[in-house]
Chemist: 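Have a look at the structure that comes next, please.
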Amino acid sequence: MTSPRPILVTGGAGYIGSHTVLQLLEAGQRVVVVDNLCNAHEESLRRVAELSGQQPTFHQVDLLDAAALGAVIQQHRPQAAIHFAGLKAVGESSQIPIQYYHNNITGTIHLLQALAAVNCRQLVFSSSATVYGDAQEMPITEAAPLSATNAYGRTKLFIEHLLADACIADPEMKVICLRYFNPVGAHPSGRIGEDPNGIPNNLMPFITQVAVGRRPHLNIFGNDYPTPDGTGVRDYIHVVDLAAGHLAALDAMDRISGCEAINLGTGRGYSVLEVLRAMETASGRPVPYEIQGRRRGDVATSYADPSKAQQLLGWQARRELSEMCDDAWRWQQSNPLGYAGQP
Ligand code: NAD
Ligand code: UFG
């Protein structure tokens, strides 16, 4: 897979991006990261360099700044791009929808324009299982109907449509939209991981913060769902497996044409209570919880049919829930305040 031209990684200082940059460097790729650090610390990339022994090139650039982005892309002439950069908080997206549309969609358009100017026609895009809305059939295949229940989800849907149209217009363009299920965990070194701003919205970082004593208890959003124990069921996927899926997608570019959407999940669902128990085992600490009402927009159950990823990318998730919790816990314990708390 190694090529003399670099891989451009937008949002590469973020949670999933940093784990992917690490694997790209370990695979011998040259990597150029563009990130405006609106939800990340440059420290993540310093640690990626420390772990890999290789230095990614970093440009602190906003995708909304078309001129600056264009200049970086002209300078490096990437072979392909992996596009992580985006705003991702579901609740916030309902409060400031225009900012979400502008950042995620305009940012993507600027990226496509700048890539086209250097004849770069290979893109891997971070989509999400949120594009399935409230799916009626489990496991969810890529052929399931698409819908969105919030502004964030709609940005992902629009971008998928936009990318499909771009591929129809240009037969040489190749795009893989990776629909992630629920990314969790951290690199086993405990050096890079998820570093949410403020109160975490997502289950796993919230649970680890309870286990480490930063928060008194977990609020469980509903125990009256039609699931085995009444709590929501999700397909949690280890971030290291997820990152590997991006390398597999780059490798598959020669084998695909046009725009492909591919689920990245394990194919297995766990309930909130099962995740909580697994974290209690990993941490050796109790995780107190209180049952609250359902969170608006949540679905009861979501898990992937990951067979297309296996067929097309030769990829499958390997890590179990226990490993996800062990690694999330190691990261949390050694970085109780995230990157900001470290020298
Ligand atoms: P993250 O916030 O850690 O990473 C996103 C990165 O993009 C951040 O480093 C941020 O600073 C950067 N960024 C945002 N807007 C930018 C802009 N205009 N210009 C330059 N940089 C910008 O999030 P993550 O969890 O690593 O997610 C990566 C991608 O995967 C996102 O597109 C997200 O929507 C998608 N995704 C995430 C999840 C999840 O649960 N983590 C699930 C499905 C899809
Ligand atoms: N949950 C709680 N308490 C919390 C947080 C979550 O009980 O404090 C529950 C939720 O109700 C849900 C489950 O834990 O049943 C998982 O919730 P998350 O917020 O971790 O994940 P979601 O499935 O709601 O959404 C995540 C991302 C979305 C993305 C989606 C699919 O936040 O951006 O996965 O990839 F679209």
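Along the sequence shown, the residues carry numbers beginning at 1. Each ligand, and each atom within it, is numbered from 1 in the order the structure gives. All of these numbers come straight from a predicted model, not from anything done at the bench.
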Chemist: If you count every heavy atom of other residues, nucleotides or ligands that lies below 6.0 Å from Glu137 atom CD, does the total exceed 12?
Modeler: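 Open: at most 12 neighbouring heavy atoms sit under 6.0 Å from CD of Glu137.
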Chemist: Give the numbers and elements of all ligand 1 atoms closer than 4.0 Å to a heavy atom of Ser127.
Modeler: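 Under 4.0 Å from Ser127, ligand 1 has these atoms: 43 (C), 44 (C).
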Chemist: I'd like to check whether Ile16 has a polar contact with ligand 1, where a contact means an N/O of the residue lying under 3.5 Å from an N/O of the ligand.
Modeler: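 N/O-N/O distance under 3.5 Å: yes.
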Chemist: Based purely on interatomic distance, does Leu64 place a nitrogen or oxygen under 3.5 Å from a nitrogen or oxygen of ligand 1?
Modeler: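 Not met; the criterion fails.
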Chemist: Is there a polar contact, in the sense of an N or O pair closer than 3.5 Å, between Tyr180 and ligand 1?
Modeler: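 In fact, backbone or side chain, Tyr180 has no N or O that close.
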Chemist: Could you list the atoms of ligand 1 found under 4.0 angstrom from a heavy atom of Leu37?
Modeler: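 In order of number, 11 (O).
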Chemist: Checking contacts here: is it the side chain or the backbone of Lys156 that comes within 4.0 Å of ligand 1, counting heavy atoms only? Could be both or neither.
Modeler: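 Looking at Lys156 and ligand 1, just side chain atoms fall under 4.0 Å.
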Chemist: Can you list the residues that meet the side chain to side chain contact (heavy atoms under 4.5 Å, CB included) rule with Leu37, with sequence neighbours excluded?
Modeler: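 Here the qualifying residues are Ala13, Asp35, Ala40, Glu42, Phe58, Gln60.
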Chemist: Should the heavy atoms of other residues, nucleotides or ligands under 6.0 Å from CD of Glu26 be counted, would the total exceed 12?
Modeler: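 For Glu26, atom CD is crowded (more than 12 foreign heavy atoms under 6.0 Å).
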Chemist: Any idea which atoms of ligand 1 are less than 4.0 Å away from a heavy-atom of Cys38?
Modeler: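 Listed by number with element, the hits are 10 (C), 11 (O), 13 (N), 14 (C), 15 (N).
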Chemist: Counting heavy atoms only, name the option from Val33, Asn182, Leu264, Asn36 that's nearest to atom 13 (N) of ligand 1.
Modeler: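 Closest candidate by heavy-atom distance is Asn36.
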Chemist: Less than 4.0 Å between a side-chain N and a carboxylate O, is that true for Arg294 and Asp224?
Modeler: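 So Asp224 pairs with Arg294 through a salt bridge.
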Chemist: Under a 3.5 Å distance rule, please check whether Glu43 uses its side chain to pair with a backbone N or O of Tyr339 as donor and acceptor.
Modeler: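 Absent.
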Chemist: Numbering the atoms of ligand 1 from 1, which are under 4.0 Å from a heavy atom of Pro183?
Modeler: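 The list of qualifying atoms is 38 (C), 39 (C), 40 (O), 41 (N), 42 (C).
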Chemist: Quick one: which ligand 1 atoms are inside 4.0 Å of a heavy atom on Gly86?
Modeler: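 By the 4.0 Å cutoff, the relevant atoms are 5 (C), 7 (O), 13 (N), 14 (C), 15 (N).
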Chemist: Mark up the atoms of ligand 1 that fall under 4.0 Å of a heavy atom belonging to Gly14, in ascending order.
Modeler: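 So the answer, numbered in order with elements, is 3 (O), 4 (O), 9 (O).
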Chemist: With a cut-off of 4.0 Å, which atoms of ligand 1 are near a heavy atom of Asp62?
Modeler: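 Within the 4.0 Å cut-off of Asp62, ligand 1 contributes 17 (C), 18 (N), 19 (N).
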Chemist: For Val61, take its heavy atoms, then give the atoms of ligand 1 lying under 4.0 Å from any of them.
Modeler: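 Checking each atom against Val61, I get 19 (N), 20 (C).
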Chemist: Could you name the protein residues that come within less than 4.0 Å of ligand 2, counting only heavy atoms, and order them by chain and residue number?
Modeler: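 Correct list: Val90, Ser128, Ala129, Thr130, Tyr152, Tyr180, Phe181, Asn182, Asn201, Asn202, Leu203, Leu218, Asn219, Ile220, Phe221, Gly232, Arg234, Tyr236, Val272, Arg295, Asp298.
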